Structures are given as structure tokens and as C-alpha cells.
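Single-structure report; data block below.
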2 protein chains.
Amino acid sequence: MYSGPVNTRERLVESAQELLWERGYVGTSPKAILERAGVGQGSMYHHFAGKSALALAAIRRTAEGMRESAEECLSGPGTAYDRVAAYLLRERRVLRGCPIGRMAQDRDVVHSAELRQPLDEMFGWLRGRIAEVLTEGQRRGELAAALDPAATAAAVAAVVQGGYVLARAADDPAPFDAAVHGVLALLAAQVTPAPASTPGTPAAG
Amino acid sequence: MYSGPVNTRERLVESAQELLWERGYVGTSPKAILERAGVGQGSMYHHFAGKSALALAAIRRTAEGMRESAEECLSGPGTAYDRVAAYLLRERRVLRGCPIGRMAQDRDVVHSAELRQPLDEMFGWLRGRIAEVLTEGQRRGELAAALDPAATAAAVAAVVQGGYVLARAADDPAPFDAAVHGVLALLAAQVTPAPASTPGTPAAG
DNA sequence: GTCTATAAGGGGATAGAC
DNA sequence: GTCTATCCCCTTATAGAC
């Protein structure tokens, strides 16, 4: 039973978000969206020019949500390593996959400049934000100076997206968890050993 | 102009391989396969029970090809690091994505035990094979003993799959290359420093 | 073996009533 | 604003001629 917003436009967008996540762009028909939203066909074509316009609204909203939840982890407390770990280890319904990464596999989405833009912005922001966190860690002396923040950030983001792929292929979240722990262990080796809380003041005499 | 095999069954399988790569399972119609292969509808239903049977043959063949080309890199010369690097750096048409990883995003494929099996086997083999290479590197003293081979292998495989996703979202291979170099740099830090060519025999007297 | 013909249903959009 | 009716083409498959 539908239990979302009363507003028709909202219901359409939310239904589209869910269906795009489950079935992708090609696999999602306007009819299926309407049925899930519980509205007639006329309502959709009143609020949106067509399938792609509705999909654009849905993708934008999903990307914004992802950005917010990622920022929550990455701006949290602790060291740079802690914050990246918080992002990598945050609870996910792994087998559902990433609603934005999913779109990147869809021909119609990638071939449309308009539909691809939210994906590009979202992942561009994500890589940049992780790189910022890593750079900050280097400035604070938490992370090895030799680390390339941009490349490492791309690797971190890629592990998440690739983890979803491996997990779905296996129908088991285990490969996702293994990949995340693998990259975290590699990153942990870049953490500067035993920094004194006050530089120049060894902890024990 | 079609320039593949003369054999009708072969033409169907190869056409299906290409279209599944480009458009995914839902996005690929029997009609499109027939047109690309240049055969009539009756031929397809003579050789295959239907769309999914043809797709299964195509997916199996693609998975086998990927396995062979990965094995070529991973069984090459050099240290464990060299062999993993060879796999990660091998030439790829990045924006096309991975033909097998692509299938893992497709609902109809993942929900069918039969169609998902080749994906599961391929990625399972890949993670295992990379883990073997890493374990061998540890035995030879090339890699830090603390490294978790299975987790690291999963991370390596995930970086490739996720790299494709990031690159397609950006319509630019750069994020793929950045991710690959990021994980390689992290792995390089696990390489045992300056092993003597003959243990106990320093290079210079 | 390979072809064309045919069919039942869905995809995506428009028209127009209410 | 929201609904139903209608349209044309595509999808997947079957039938049967050659």
C-alpha cells in the first residue's frame, strides 16, 4: 500500500526514484511509475514533459540525498582515516546497489548530457570531498605526505561502486565488505605512527 | 557491414555479446540481435529457446574471454606487485565499461540463477586468482605478511569495476585511471623494501 | 535450417472529457 | 489537475511456408 506524500508531483518523483533504483532507466516505464504512485497517466504528463523529465527530477533528488548522507560521514569527528572509514563502513543495503552508480551503466542516461549531469556532479563532488579530507589529514600529520589525495579518493569511491557490482554478481554482500576492509587496511598503513598528543612530548618517560 | 563468422549460430552469439555490452539485458531485444547478425527471426528460435537462452550463451562466452585476458596479466612475469599492476594497467576501452560488471546491474540477470552464475564464477575466480598472486608474493617475501590477500584482492577487483562506473558518470576515463593509480600506490607501500637478490648476500662488498 | 506472417501485450505519448 | 480512451510502434514468441 502506498504511504508516501499526498502531493501528486511528489508521489511521482518518489515512485520514479524507487523504480529507477530497482530497474534502471530502460527498465522503468511511465506506466509502472504511475501504478506505484497510484495516479493516472494524465497527471504525469501534466507535471512533466515525459519520462526523461520525470527521471531527471528523480535522479537529481537521489543524488542530493546521497551527497547529504556522504557529507554526514565525511564531516564527522575523528581523524581523516576515521572519517573515510565512517563513509566506507556506513550501513548500506549492499545488494540493492547504488542508485546513482546504477544510472551510470544505463546507455540512455550516459548518452544524455542532461541526465548524466547529476551523476557527474555527485561523483565529482564525492571524489573531491574525500580528497579534501585526506589532504587535511596530511596537513595535520595524520597521514603520510607521499599519499596522492586525488588518486586515493578515486580509489575509495571506486571500491564502493565496484563492491556493489561484486556483491550483486555473487548475490552476497561479502565481497563488498571484503573490498572495503581491504582498502581500509591499505589506507591504515598510511597513518603516521603514534603521533604524540603534544609534539615533542613523548607519552612515557 | 557485418564481417563476423559465417556460421549462423556464431553470428547470433557474437551479436548478442556486443549488444548486451552496449545496452544491457533489458535494453537488448531479439530483433536488434537478429538485425545485427543479419539473420531472420526463425533462425534464432531454431538455435535457441528464446532471448534468455541466447543471452546465457553470450554471457558465458564473454566471461570466458575476460577470464583468459585477466589470467594472461596475472600469470605474467615479475613480482606479485608487477602482475597485479599489469592487470590493473592493461589497456581497456574504459568508457564502454565491463561487459560482465554491466550484467550485474541488470535486474533480470541478477534475479535469474542461470544468468547470474557466469558472473558469480568469473568474479569469484578473479578475486581468488588475485589473492593467490598476493599470497605467493608474501611467501616470496615481496609483500608485507600483514596484508590480507582476500580482502586486498576484493579491493583490487572492486577498484576496476568502480572505476568504470566513475568514468562513465564523468564521460571521461580519468577517474578510472586515478582510482587504479591510487590503489597501486597503496599496494606499493606494502612491498618489502630492497630485498637482496640472494638472501644474506649484500649486493656490494 | 532459414524465412515471413501473425499475434497478444507493453512502451511512450496525445486528446479530450470531467 | 486528474482521469480514461486512443494511437503507433516495439517486444517476444509461435506458425507454418520454403
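Chain letters run A, B, ... following the sequence lines, proteins first and then strands; every chain starts at 1. Computed from a prediction, not measured in an experiment: that's the story for all the values here. Side chains are part of it too, since the values below use all heavy atoms of this structure and drop only hydrogens, waters and symmetry mates.
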Please list every donor-acceptor pair under 3.5 Å in which a side-chain atom of residues 26-35 of chain B meets a protein atom from a residue at least two apart or in another chain.
residue : atom : partner : partner atom : Å
B:Thr28 : OG1  : B:Leu19 : O            : 3.2
B:Thr28 : OG1  : B:Gly24 : O            : 2.6
B:Ser29 : OG   : B:Ala32 : N            : 3.1

Original post:
Could you give all pairs that pass the side chain to side chain donor-acceptor pair (under 3.5 Å) test and reach residues 145-171 of chain A, with sequence neighbours left out?
Top reply: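 Applying side chain to side chain donor-acceptor pair (under 3.5 Å) to every pair that reaches into residues 145-171 of chain A, excluding sequence neighbours, yields A:Arg92-A:Tyr164.
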Original post:
Does C:dG1 have OP1 or OP2 sitting under 4.0 Å from an N or O in the side chain of B:Thr8?
Top reply: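 Checking B:Thr8 against C:dG1: no side-chain N or O falls below 4.0 Å of OP1 or OP2.
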Original post:
Does a side-chain N or O from B:His47 land closer than 4.0 Å to OP1 or OP2 of C:dT2, or not?
Top reply: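 The answer is yes; a side-chain N or O of B:His47 sits under 4.0 Å from OP1 or OP2.
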Original post:
Would B:Thr192 and B:Glu142 count as having a side-chain donor-acceptor pair, cut-off 3.5 Å?
Top reply: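 B:Glu142 and B:Thr192 do not have a side-chain donor-acceptor pair below 3.5 Å.
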**OP:** If a pair satisfies salt bridge (charged side-chain N to carboxylate O under 4.0 Å, His left out) and one of its residues is in residues 172-188 of chain A, list it, with sequence neighbours excluded.
**Re:**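 For residues 172-188 of chain A, and leaving out neighbouring residues, there are no salt bridge (charged side-chain N to carboxylate O under 4.0 Å, His left out) pairs at all.
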Subject >> salt bridge (charged side-chain N to carboxylate O under 4.0 Å, His left out) contacts in which one or both residues fall within residues 43-61 of chain B, not counting sequence neighbours >> reply: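 Found B:Glu10-B:Arg61.
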Starting from [atom2] on [N], measure out to [atom1] on [X] and report it in whole angstrom.
X: A:Ile33; N: C:dG10; atom1: CD1; atom2: C1'; value: 14 Å
X: A:Phe48; N: D:dT2; atom1: CZ; atom2: P; value: 11 Å
X: B:His46; N: D:dA15; atom1: NE2; atom2: C1'; value: 16 Å
X: A:Leu54; N: C:dG11; atom1: CG; atom2: P; value: 15 Å
X: A:Leu34; N: D:dG1; atom1: CG; atom2: P; value: 18 Å

**OP:** Quick one, give me the B/S/- string for nucleotides 13-18 of chain C, reading 5' to 3', where B means a protein heavy atom under 4.0 Å from the base and S means that only happens at the primed atoms, P, OP1 or OP2.
**Re:** BB----
**OP:** Select one nucleotide: of D:dT11, D:dC3, D:dG1, the one nearest the side-chain heavy atoms of B:Lys31.
**Re:**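 Given the options D:dT11, D:dC3, D:dG1, the side chain of B:Lys31 is closest to D:dT11.
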**OP:** Please list, chain by chain and in numerical order, all residues satisfying side chain to side chain donor-acceptor pair (under 3.5 Å) with A:Glu71, sequence neighbours excluded.
**Re:**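 If we apply the side chain to side chain donor-acceptor pair (under 3.5 Å) test to A:Glu71, skipping adjacent residues, the hits are A:Arg129.
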